[in-house]
Amino acid sequence: MKKTSQEESKIHNSRLVLRTIYAQGEISRANVSRLTGLTRTTVSDIVSRFIQQDLVVETGTSPSRGGKPAILLNLADDSRHLLGIDLANSEFRGAVINLRGKVLHRINLPVQERDGEAALSLVFTLIKGLLALTDKPILGIGIGTPGLMDPHAGVVRTAVNLDWRDLPLADLLQEEFNLPTYVANDCQVAALAEFTFNRRQAENNLVVVKVGRGIGAGIILDGKLFYGDNFGAGEIGHMEIVKGGEPCLCGNYGCLETVASSRAIIRRARTLLEKGEPTVLSQLVSSPDEINTDVILKAFEAGDPGVQSIVDEVGQQLGFAIAHLVCALNINRVVIAGSLARFGDRLTRTIQEHVEQGALRALAGETRIEISPLGRDIVILGAASLILSNEVGLV
Ligand SMILES: [Zn+2]
């Protein structure tokens, strides 16, 4: 094993102590020592430093069992704030978030066809607005955006909808705001959000499939976000699902996005209405152009059979794609996020059935398909987790 320098082991120990306090909630110094394997003196020294920095507070004492009651420690949830940003398709969403992932303030700015420099300037406006809402020290800025990112260099390789190519986004923001800045793909940070704020006990592997205008997966392997050799791990939206199918934005045909994204269900719902078949949609809109996912969800909840069968087909296609992931990775918990996650149990049931049909039974039988409880905030929270992970080693 490589010998770590004294400095490295000091950072490692500090992070281990902070992570333990974060995970346990209230805990005594003695128990931190027991759980981390560090000596009581080392733990005490590290904790004193955290208390000086206001990162950890003493919250009270544990009930006495005869001996001297132990002083309990906890993280000072609001001692630092984080800025989480989601550069979503129609609006840029930003929030001020505390160390426990609680959203304290938010600003949403409509993108209105902006791209290139104009979109970049909107990001600056959003961050300035958020900074004005808090007077706490800011730990950093985290950004999740659709497209291909180089998270190590903080460079947006390609974000088609924003017309950004090789944009050094992290450096530009760091120069302007003098804060550590992290950038990653939106589906990848969504996985980080689920892993940080909704993790199951002892869970080390996880897949989050984000299904909205685009489709992508974020993969956590052995407790770490897996980026892949060119940072494109989880780009399942462009797996060919239908031979010779519809043209896709990527230039190929029959990709998963052409049959299971929000664009695909909107197109099918419009066809349903245009064909003049009896459907609740005709009571909700006056023309097919007005159909969006909100309208489709209303019809779905009203029990419209045509719309339900559209959602079932989406579940079927997603199920087959996820079966490939299950075979490749053998990960037991697969979480669905994004705007189509609102279709809930019926969607997850269909996905589950088709994962079982499309993957080795022994693997698929252990796989659970769930809906993320983090809703629309998943990317914002994931962007904040990037900061927690990089700045204080909390993830
Ligand atoms: Zn494609």
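Please read all numbers here as calculations on a predicted model, not as lab measurements. Just follow the structure's listing: the first ligand is 1, and inside any ligand the first atom is 1.
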**OP:** Hey, can you tell me if Phe231 and His152 have their rings parallel, tilted or perpendicular (30° and 60° cut-offs)?
**Re:** perpendicular
Original post:
Do side-chain atoms of Glu370 reach the backbone of Val335 as a donor and acceptor pair under 3.5 angstrom?
Top reply: no
Original post:
Hey, is the main chain of Leu38 close enough, under 3.5 Å, to the side chain of Thr42 for a donor-acceptor pair?
Top reply: no
Subject >> Thr258 side chain vs Cys255 backbone, donor-acceptor pair below 3.5 Å >> reply: yes
Subject >> cation_pi(Arg100, Tyr22) dist<6.0 Å, angle<=45 >> reply: yes
Original post:
Looking at Lys210, Arg213, Arg263, which hits salt bridge (charged side-chain N to carboxylate O under 4.0 Å, His left out) with Glu257?
Top reply: Arg263
Subject >> Environment of the Zn ion (ligand 1) in terms of protein N/O/S atoms, cut-off under 2.8 Å >> reply: His238 ND1, Cys248 SG, Cys250 SG, Cys255 SG
